[in-house]
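For reference, the structure is listed below as structure tokens.
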Amino acid sequence: MINEPWKLRRFYAPAENFKTGQITLDQEQSRHLLQVLRMNEGAEVRVFDGCGREFLCRIGKVEKRRTVLEIIREISPAAAESDLDLTLAVAVLKGEKFDLIVQKSVELGVTRLWPLLTRRCDVKLRDSSRKIERWQKIAVEASKQSGRARLLEIKEPAELDFFLKNSASADLKGGRVFFAERGGEGFTRIPAQKEMIAVIGPEGGWEEEEIETARDNGFQVITLGGRILRAETAAISIAALVQHNFGDLN
């Protein structure tokens, strides 16, 4: 008898691991299934492909480096995707602060996350590929827990000026909003839209020239009044506010 799907453990497998009637979990997902959860052949699980599809499966052959699952049927993901296509472009932060932004971006339904290098950003990315790999793993785990079946897209880190000047040609559509601690309009001046780019700055704030560059490239400068927020708090709060006003958190 099939259990209620929403109560089952969730795993991730990229689309290339899908074959007719079967899904193969990689070594990392298999290790979690076998060594951490201690699941056995015949147990039922959910598997999502990172592109929005999810399947009810039965554990077939369990090996140390891979697990073969039998597809029972396609099912609806536990969490629906937001109506808002939201790109969150955030200045890279020290330590685990950006890790937190990755995790909460998944939970809040952000479509893609674009790490930015700004003038007051005190983080030097010597090996961005290792950072992206770490962030992608965090995104997978957050997706498993939050019920999303579409993975957060994490872009290559970019210099702020390059991002501002090229965002229009980077397949990013919709309103362009630049959140600054001074000199902007109120949040309510943002027009309703279903695609949006929201830019959030570093702990040290923006330099005046960066704000002007944003304006010159068609970004609407917005200032939130009332409180001084840490950079990671600002990114999470803005994602929630935008989803509440234009997405599905309402």
Side-chain angles (χ1 to χ4, degrees), residues 82 84-123 125 128 131-132 135 138-139 142 152-168 170 172 174-190 193 195-247 249:
S82 173
L84 176 66
D85 185 318
L86 174 59
T87 297
L88 207 62
V90 186
V92 180
L93 305 175
K94 280 185 176 180
E96 297 180 352
K97 295 178 181 179
F98 204 83
D99 295 353
L100 179 66
I101 291 174
V102 173
Q103 182 188 67
K104 300 310 175 186
S105 293
V106 173
E107 294 176 16
L108 289 166
V110 175
T111 306
R112 64 191 62 80
L113 182 64
W114 208 311
L116 297 178
L117 301 173
T118 71
R119 298 187 186 183
R120 295 182 183 176
C121 174
D122 52 5
V123 177
L125 294 181
S128 61
K131 280 287 188 181
I132 292 174
W135 294 332
I138 293 171
L152 174 71
E153 181 183 356
I154 302 176
K155 309 294 284 188
E156 286 280 347
E159 296 286 344
L160 176 68
D161 285 358
F162 177 86
F163 175 82
L164 295 175
K165 294 173 182 178
N166 291 276
S167 59
L172 299 180
R176 290 166 166 73
V177 183
F178 189 92
F179 288 88
E181 64 276 12
R182 63 190 184 279
E185 302 175 275
F187 187 88
T188 57
R189 297 297 299 274
I190 302 174
Q193 50 215 304
E195 295 177 288
M196 182 184 295
I197 306 167
V199 182
I200 297 98
E203 292 182 345
W206 301 113
E207 291 192 0
E208 197 63 40
E209 189 176 344
E210 292 175 317
I211 298 175
E212 291 308 313
T213 301
R215 280 200 180 95
D216 292 344
N217 285 276
F219 282 79
Q220 181 182 12
V221 179
I222 296 294
T223 298
L224 298 177
R227 290 172 179 80
I228 298 174
L229 304 177
R230 297 176 66 94
E232 65 273 24
T233 307
I236 296 166
S237 299
I238 287 168
L241 283 170
V242 169
Q243 286 285 25
H244 174 70
N245 281 268
F246 310 112
L249 291 181

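Just so it is clear, the values below take in all heavy atoms, side chains as well, and ignore hydrogens, waters and symmetry mates. This structure is a prediction, so every number in the text was calculated from the model and none was measured.
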Could you walk me through whether Val92 and Leu116 pass side-chain contact (heavy atoms from CB on, under 4.5 Å), step by step? CA-CA 6 Å; Val92 180; Leu116 297 178; 5.9 Å; no

Could you check whether any side-chain N or O of [X] sits under 3.5 Å from a backbone N or O of [Y], counting only pairs where one atom can act as donor and the other as acceptor?
X: Ser237; Y: Thr233; result: yes
X: Trp114; Y: Leu88; result: no
X: Glu232; Y: Lys97; result: no
X: Trp206; Y: Ile200; result: no

Could you report the tightest heavy-atom contact between [X] and [Y], atom names first, then the distance?
X: Ser82; Y: Gly247; value: OG-CA, 3.7 Å
X: Ile190; Y: Met196; value: CG2-CE, 3.9 Å
X: Ile222; Y: Gly186; value: CD1-O, 3.5 Å
X: Ile154; Y: Val102; value: CD1-CG1, 4.2 Å
X: Ser128; Y: Glu156; value: OG-OE1, 3.6 Å
X: Gly201; Y: Ala91; value: C-CB, 3.6 Å

To the nearest 0.5 Å, what is the distance between [atom1] ([X]) and [atom2] ([Y])?
X: Ile101; Y: Leu93; atom1: CD1; atom2: CG; answer: 4.5 Å
X: Phe187; Y: Phe179; atom1: CZ; atom2: CZ; answer: 5.5 Å
X: Lys131; Y: Asp99; atom1: NZ; atom2: CG; answer: 6.5 Å
X: Gln243; Y: Leu249; atom1: CD; atom2: CG; answer: 5.5 Å
X: Ser105; Y: Ile236; atom1: OG; atom2: CD1; answer: 7.5 Å
X: Arg189; Y: Gln220; atom1: CZ; atom2: CD; answer: 7.5 Å

For the residue pair Arg182 and Thr223, confirm or rule out a side-chain donor-acceptor distance under 3.5 Å. no

Are Glu210 and Thr118 linked by a side-chain donor-acceptor pair shorter than 3.5 Å? no

Take Phe246 and Leu241 through the side-chain contact (heavy atoms from CB on, under 4.5 Å) test and state the conclusion after the steps. CA-CA 9 Å; Phe246 310 112; Leu241 283 170; over 6 Å; no

Are [X] and [Y] packed together at the side-chain level, in the sense that at least one heavy-atom pair is separated by less than 4.5 angstrom?
X: Val242; Y: Leu86; value: yes
X: Ile132; Y: Pro115; value: no
X: Leu84; Y: Glu195; value: no

CZ of Arg120: more than 12 outside heavy atoms within 6.0 angstrom?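 Check passes, neighbour count above 12.
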
Would the number of heavy atoms belonging to other residues, nucleotides or ligands and lying under 6.0 Å from CD of Glu96 be above 12? no

Salt bridge check, Arg119 against Glu209: does any charged N sit closer than 4.0 Å to a carboxylate O? yes

So, are Asp85 and Arg112 salt-bridged, with charged N and O less than 4.0 Å apart?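 Arg112 and Asp85: salt-bridged.
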
Tell me, with the steps shown, if Thr111 and Glu153 meet side chain to side chain donor-acceptor pair (under 3.5 Å). CA-CA 6 Å; Thr111 306; Glu153 181 183 356; over 6 Å; no

Going by the salt bridge (charged side-chain N to carboxylate O under 4.0 Å, His left out) test, which pairs reach into residues 100-111, not counting sequence neighbours?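 Pairs touching residues 100-111 that pass the test: Lys104-Glu107.
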
Starting from the C-alpha separation in whole Å, work towards a yes-or-no answer on side-chain contact (heavy atoms from CB on, under 4.5 Å) for Asp161 and Thr213. CA-CA 7 Å; Asp161 285 358; Thr213 301; 4.1 Å; yes

One pair to check against side-chain contact (heavy atoms from CB on, under 4.5 Å): Val177 and Val199. What are the steps and the verdict? CA-CA 6 Å; Val177 183; Val199 182; over 6 Å; no

So Trp135 and Phe98, would you call those rings parallel, tilted or perpendicular, with 30° and 60° as cut-offs? tilted

